[in-house]
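Ligands are counted one by one from 1 in listed order, and the atoms in each one are counted from 1 as well.
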Amino acid sequence: MTAMKLEPYQKPLTGELEVPGDKSISHRAVILGSLAKGTTKVTNFLDGEDCRRTIDAFRSLGVGIEQEGTTVTIHSDGKESLVEAKQPIYFGNSGTTARLMLGVFAGLPLFTTLYGDPSLTVRPMDRVVQPLRQMGASINGRAEGSFLPLAVNGGGLKGISYILPVKSAQVKSAVLLAGLFAEDVTEVIEHTATRNHSENMLAAFGADIVIKNNVIRITNQSLSATNVYVPGDISSAAFFIAAAAIVPGSNITIHNVGLNKTRTGIIDVLLEMGASLNISNEKVISGELIGDITIRYENLKGTIIEGDMIPRLIDEIPVIALVATQAEGDTEIRDAKELRLKETDRIEAIASNLIKLGAHVETTEDGMIIHGKASLTGGEVASYDDHRIVMMLAVASLIANDNIVIDDISSAAISYPGFFKHLDTLKTP
Ligand code: S3P
């Protein structure tokens, strides 16, 4: 446990920075690089704990992976060359590693056992286990395979047509990855668009993947290695975007941020709330749109966030809720029940902490109502061992009128090693 006391700051944030690589894209680069034949070089990789779990998983399957900071080089002879892991594989806190790798383990004709940390052990896995069983994988675990630890006997899969029952890119990706090993066509149908990095990257690795409206089709095939540049993570940039939006007088620019439309809900919502935000230098690299985001402080008003918008900003809701405490009027977040199944129950974690700091928040079954505008006090707050809760609380400290003490900041390194240093670089001396 590493507690941290954050003193009131109350001055403008200024300057420029680049945030670490995108977590979702970093995981996928290691997964597809390990399944592809040849050498894949990944640059601007997120050297966070979650993504290291994905590297370790493939090392256990015999793939040669070298990591030097944010550059990862993967040497693989293709998916047929992977070997059985002799030990159970540890996924730590990483839901993305667990769910996506289950798709891979289901496809490999091998026996694999996997486990995670206490938080991951209570997160639902049945959402991926069910479709993978329909494809023919044998998966066993507690509560009929709903939770880690799990044991997978993979191989012999047959393609299915699967309508996503949850708005989850992790489930979509697990089924598509399994489809790379299955007989016949595997089809995923999604009624609400979720992040499409798997589809983009499969195409970059030469896969024949067909996307028509909301139907994605893939077949058993080999992938060829390619180099991947990982854009800055908009979910990490979100903390500084939010900070500049609520700290009076701020003006900051964040360079090379991923701007994939399935991820930019926070930009659309902030613009709707009245934020002053500009995008420049847009370009496409490794199949993903990137650009620079400049944001200046502006008065904000409340809004409603619901429906198809939710998957486009699901990971940003902790910090958006903080922003809403500083907007005039009410902000209502609906249709976000998935928040209760993240690294912690984020509806409770957000509301209980913001209420402790003097904000006016009511929780609902699938979201919350935030009554603005509140002046935030100091107080002792709880991380819930959740990286995004820690970083949201650190941003709150910028506008609080007394010390905020976070009980444990160590989880920030899950997705943003160096977060506190970066925050300091934006502070006026
Ligand atoms: C992710 C998808 C999202 C997101 C998570 C990363 C991914 O989860 O919350 O942090 O990389 O596919 P769901 O797809 O389960 O909503």
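Applying the 4.0 Å criterion to heavy atoms of Ser24 picks out, from ligand 1, the atoms 1 (C), 6 (C), 7 (C), 11 (O). Applying the 4.0 Å criterion to heavy atoms of Ile314 picks out, from ligand 1, the atoms 9 (O). Below 4.0 Å from some heavy atom of Asp315 lie the following atoms of ligand 1, by number and element: 4 (C), 5 (C), 9 (O), 10 (O).
Looking at Arg28, Glu343, His27, Lys23, it is Arg28 that brings a heavy atom closest to atom 12 (O) of ligand 1.
The distance criterion of under 3.5 Å between nitrogen or oxygen atoms is met by Gln170 with respect to ligand 1. Residue contacts with ligand 1: Arg388 is placed with no nitrogen or oxygen under 3.5 Å of a nitrogen or oxygen of the ligand (distance criterion only). Annotation: Leu100 places no N or O atom under 3.5 Å from an N or O atom of ligand 1; distance criterion only.
When each of Asp315, Asp233, Asp22 is checked for a salt bridge (Lys or Arg N to Asp or Glu O under 4.0 Å) with Arg195, only Asp315 meets the rule.
Aromatic rings of Tyr416 and His422 (six-membered ring for Trp) have centroids within the 6.0 Å cut-off, being under it. In this structure, Tyr115 has its ring center under 6.0 Å from that of Tyr90.
If you take CG on Leu35 and CD on Gln221, they are separated by 11.5 Å, rounding to the nearest 0.5 Å.
A distance-only check finds no donor-acceptor pair linking the side chain of Ser286 to the backbone of Val228 [under 3.5 Å].
Here the shortest heavy-atom pairing between Ala36 and Ala225 reads CB-N, 3.6 Å. Heavy atoms only, all atoms of each residue included: Phe181 and Leu177 are closest at CD1-O, 3.3 Å.
Residue-ligand proximity: Lys342 is placed with a non-hydrogen atom under 4.0 Å from ligand 1.
The proximity of Arg195 to ligand 1, defined as any non-hydrogen pair under 4.0 Å, is limited to the side chain.
Looking only at heavy atoms of the protein, atom 15 (O) of ligand 1 is closest to Ser168 OG, 2.9 Å. Regarding atom 14 (O) of ligand 1, its nearest protein heavy-atom neighbour is Ala169 N, 2.7 Å.
Taking 4.0 Å as the cut-off between side-chain N and carboxylate O, Asp47 and Arg52 count as a salt-bridged pair.
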